[in-house]
Trainee: 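Handing you a structure now.
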Amino acid sequence: QVQLVESGGGLVQAGGSLRLSCAASGRTFGAYAMGWYRQPPGKEREFVAAISYTGGRTDYVSSVKGRFTISRDNAKDTVYLQMNNLKPEDTAVYYCAADRFTTWTGTVYFWGQGTQVTVSS
């Protein structure tokens with residue numbers, strides 16, 4: 001079992017930045033690829049970004065490419081999502097996810113509880 005706890009959400013003006021963190025505990029953190037999803041108000045949850053367990057491969061949804069950066073520190077059992085040039089359409093609850101495999105497949109085994117990000121115009 002892996003427990004994931006997100007932090008770093010909040011209210012920011014358009015054009016601003018936030019860094020989300022996801023701290024993992026339980027089984028060996030480094031064995032999982034990690035990802036971020038988000039759920040905008042009234043919409044379904046969507047994929048945002050993912051990183052392999054070595055950090056050697058990252059993937060992003062096209063709408064955040066060039067603005068968001070996913071990274072991880074396996075020594076701290078933490079994955080990050082640096083979000084720059086935020087837009088109102090980035091407003092959502094952001095969820096951390098652990099994949100079943102060491103490279104991202106979208107087979108999510110564990111979810112965090114979510115952290116709210118609100119971007120004002």
Trainee: Determine the minimum heavy-atom distance between L4 and W111, stating which atoms define it.
Mentor: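 L4 and W111 have their closest heavy atoms at CD1-C, 4.0 Å.
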Trainee: Does the side chain of T105 pick up a donor-acceptor pair with the side chain of D99 at under 3.5 Å?
Mentor: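 The answer is yes; a qualifying pair exists.
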Trainee: With the side chain counted from C-beta on, respond yes when M34 and Y53 share a heavy-atom pair under 4.5 Å apart, and no when they do not.
Mentor: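 No, side chains not in contact.
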Trainee: Any chance you could measure F68, atom CZ, to L20, atom CG, to the nearest 0.5 Å?
Mentor: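 Here the interatomic distance stands at 8.0 Å.
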Trainee: Tell me the closest heavy-atom pair linking Y32 and V2, and the distance in Å.
Mentor: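 Closest approach of Y32 to V2: CE1-CG2, 3.5 Å.
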Trainee: Is any side-chain heavy atom of L86 closer than 4.5 Å to a side-chain heavy atom of L18?
Mentor: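 The answer is yes; the side chains approach within 4.5 Å.
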Trainee: For P88 and S121, which heavy atoms make the closest approach, and how far apart are they?
Mentor: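 Closest heavy-atom pair between P88 and S121: CG-CB, 3.9 Å.
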Trainee: Less than 4.5 Å apart, side chain to side chain, heavy atoms only: is that true for V93 and T115?
Mentor: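 They are not in contact (no side-chain heavy atoms under 4.5 Å apart), so the answer is no.
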Trainee: Can you get from I70 to Y109 by hopping between Ile, Leu, Val, Met, Phe, Trp and Tyr side chains that sit under 4.5 Å apart?
Mentor: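 They do share one cluster, since a chain of ILVMFWY contacts under 4.5 Å joins I70 to Y109.
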Trainee: Given 3.5 Å as the limit, does a donor-acceptor pair link the side chain of S63 with the main chain of V61, or not?
Mentor: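 No, the answer is negative, given that no donor and acceptor are paired below the 3.5 Å cut-off.
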Trainee: What pair of heavy atoms forms the shortest contact from V108 to W104, and how long is it?
Mentor: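 Looks like CG2-CH2, 4.1 Å.
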Trainee: Look only at the side chain of E6 and the backbone of Q113, and say whether a donor-acceptor pair between them is shorter than 3.5 Å.
Mentor: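 Yes, the answer is positive, given that a donor and an acceptor are paired below the 3.5 Å cut-off.
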Trainee: Does a side chain donor of either R19 or Y80 reach within less than 3.5 Å of an acceptor in the other side chain?
Mentor: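 Side-chain D/A pair, R19 to Y80: absent.
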Trainee: Under the side-chain hydrogen bond (donor to acceptor under 3.5 Å, both in side chains) rule, collect the residues that match up with Y37, sequence neighbours excluded.
Mentor: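 Once residues adjacent in sequence are excluded, Y37 has no partner under the side-chain hydrogen bond (donor to acceptor under 3.5 Å, both in side chains) criterion.
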Trainee: Roughly how far apart are R72 CZ and L81 CG, rounded to 0.5 Å?
Mentor: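 Here the interatomic distance stands at 13.5 Å.
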Trainee: Between S25 and Q3, do the side chains contain a donor N or O and an acceptor N or O under 3.5 Å apart?
Mentor: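 Yes, S25 and Q3 have a side-chain donor paired with an acceptor closer than 3.5 Å.
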Trainee: How close do G56 and S52 get, heavy atom to heavy atom, and via which atoms?
Mentor: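 Looking at all heavy atoms of both residues, the closest pair is N-OG, 3.2 Å.
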Trainee: Could you check whether any side-chain heavy atom of Y60 comes within less than 4.5 Å of a side-chain heavy atom of F47, counting everything from C-beta outward?
Mentor: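 No, every pair of side-chain atoms sits at 4.5 Å or beyond.
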Trainee: Which residue in the set C96, C22, S21 passes side-chain contact (heavy atoms from CB on, under 4.5 Å) when paired with S7?
Mentor: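 Exactly one option meets the side-chain contact (heavy atoms from CB on, under 4.5 Å) with S7, and it is S21.
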Trainee: Nearest 0.5 Å, what's the CE-CZ distance between M83 and R38?
Mentor: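 The CE atom of M83 sits 9.0 Å away from the CZ atom of R38.
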Trainee: With sequence neighbours excluded, tell me which residues meet side-chain hydrogen bond (donor to acceptor under 3.5 Å, both in side chains) with N84.
Mentor: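 Applying side-chain hydrogen bond (donor to acceptor under 3.5 Å, both in side chains) to N84 gives S17, Q82.
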Trainee: Considering non-hydrogen atoms only, spot the tightest contact between P40 and E46 and give its length.
Mentor: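 That would be CG-OE2, 4.3 Å.
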Trainee: Pairs in or reaching into residues 49-61: which pass salt bridge (charged side-chain N to carboxylate O under 4.0 Å, His left out), with residues at least two apart or in two chains?
Mentor: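 Of all non-adjacent pairs touching residues 49-61, those that pass salt bridge (charged side-chain N to carboxylate O under 4.0 Å, His left out) are R57-D59.
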Trainee: If we ignore angles and hydrogens, is there a donor and acceptor under 3.5 Å between the side chains of E89 and T91?
Mentor: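 Distance-only check fails for E89 and T91.
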Trainee: Rounded to the nearest 0.5 Å, what's the gap from CG on N85 to CG on D90? Could you check?
Mentor: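 Atom-to-atom, N85:CG and D90:CG are 8.5 Å apart.
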